[in-house]
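In what follows, every chain begins at residue 1, and chains take the letters A, B, ... in the order their sequences are listed.
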Amino acid sequence: MKYWLLKSEPDVFSIDDLYDCKDHTEPWDGIRNYQARNFMRDEMDINDQCFFYHSNCKSPGIVGIMTVVSNAYPDKTQFDKKSKYFDPKSKPEKPTWLNVDVKFKKKLNLVSLEIMKNHAALKDLLILRKGNRLSITPIIKSHWDYIIKLSK
DNA sequence: GCCAACGTTGGC
DNA sequence: GCCAACGTTGGC
């Protein structure tokens, strides 16, 4: 089983929004970055665990846990002309973008970006690297466990 | 294939 | 709202 960190802007889609979805499950769509797509396509498996990270907001940080509940499949928003994620270059017979489904597992007490920065044990965490903008990053188990402890 | 211009991300 | 960092685009 692998571990991940998935970013979302809470103004767009928050952990509470995920909870409110049918079966607490929703496609993690709108990913328009090849590296992030490839993680979903090649590395993610059903039952992998993900941190839900709130970005671009007043208190950025990890707010909960979700579970991967599908393999990667074509992101339907790329074909939806009304979607902000519409991609005119992508064709249904050869979709460019993929998503997985994720299911809410639980909320955590906020582990803020500020707190994580202050822990030497997390210094190699990708999210803390300067200029890192990747919306899906792998997390090693020791970091995962450490962050879980910080949330208690 | 280079790289300048542009758009986006995301912390502050 | 600012701006640094990064990814993408497109002319050459």
Report summary line: salt bridge (Lys or Arg N to Asp or Glu O under 4.0 Å) pairs touching residues 20-47 of chain A, sequence neighbours excluded, are K2(A)-D45(A), R32(A)-D75(A)
Which donor-acceptor pairs under 3.5 Å do side chains of residues 56-64 of chain A form with protein atoms, sequence neighbours excluded?
unit_1, atom_1, unit_2, atom_2, d
N56(A), ND2, E9(A), OE1, 3.4

Query raised in the report: Does N132(A) reach the main-chain N or O of L128(A) with its side chain, forming a donor-acceptor pair under 3.5 Å?
Result: no
Query - Heavy-atom side-chain proximity of I140(A) to Y3(A) below 4.5 angstrom - result: no
Query raised in the report: Is K89(A) touching bases, backbone alone, or none of the nucleic acid, heavy atoms closer than 4.0 Å?
Result: sugar-phosphate
Report task. Output, in order, the C-alpha distance, side-chain angles, deciding distance and verdict of side-chain hydrogen bond (donor to acceptor under 3.5 Å, both in side chains) for D17(A) and S14(A). Result -> CA-CA 5 Å; D17(A) 294 330; S14(A) 72; 3.3 Å; yes
Contacts under 3.5 Å, N or O only, protein and nucleotides 4-6 of chain B:
none

Quick one: side chains of residues 100-107 of chain A, donor-acceptor pairs under 3.5 Å with protein atoms, not counting sequence neighbours, listed by atom name and distance.
unit_1, atom_1, unit_2, atom_2, d
D101(A), OD1, Y73(A), OH, 2.5
K105(A), NZ, Q49(A), OE1, 3.0
K107(A), NZ, D16(A), OD1, 2.6

Query - Parallel, tilted or perpendicular: ring planes of Y19(A) versus H24(A), cut at 30 and 60 degrees - result: parallel
Output one line per pair: protein atom, nucleotide atom from nucleotides 8-12 of chain B, and distance, for all N/O pairs under 3.5 Å.
unit_1, atom_1, unit_2, atom_2, d
dT8(B), O2, R133(A), NH1, 2.6
dG10(B), OP1, K7(A), NZ, 2.6
dG10(B), OP1, R133(A), O, 3.1
dG11(B), OP1, Y53(A), OH, 2.6
dG11(B), OP2, N56(A), N, 2.8
dC12(B), OP1, K117(A), NZ, 2.2

Query - Qualifying residues under side chain to side chain contact (heavy atoms under 4.5 Å, CB included), relative to D80(A), sequence neighbours excluded - result: K82(A), S83(A)
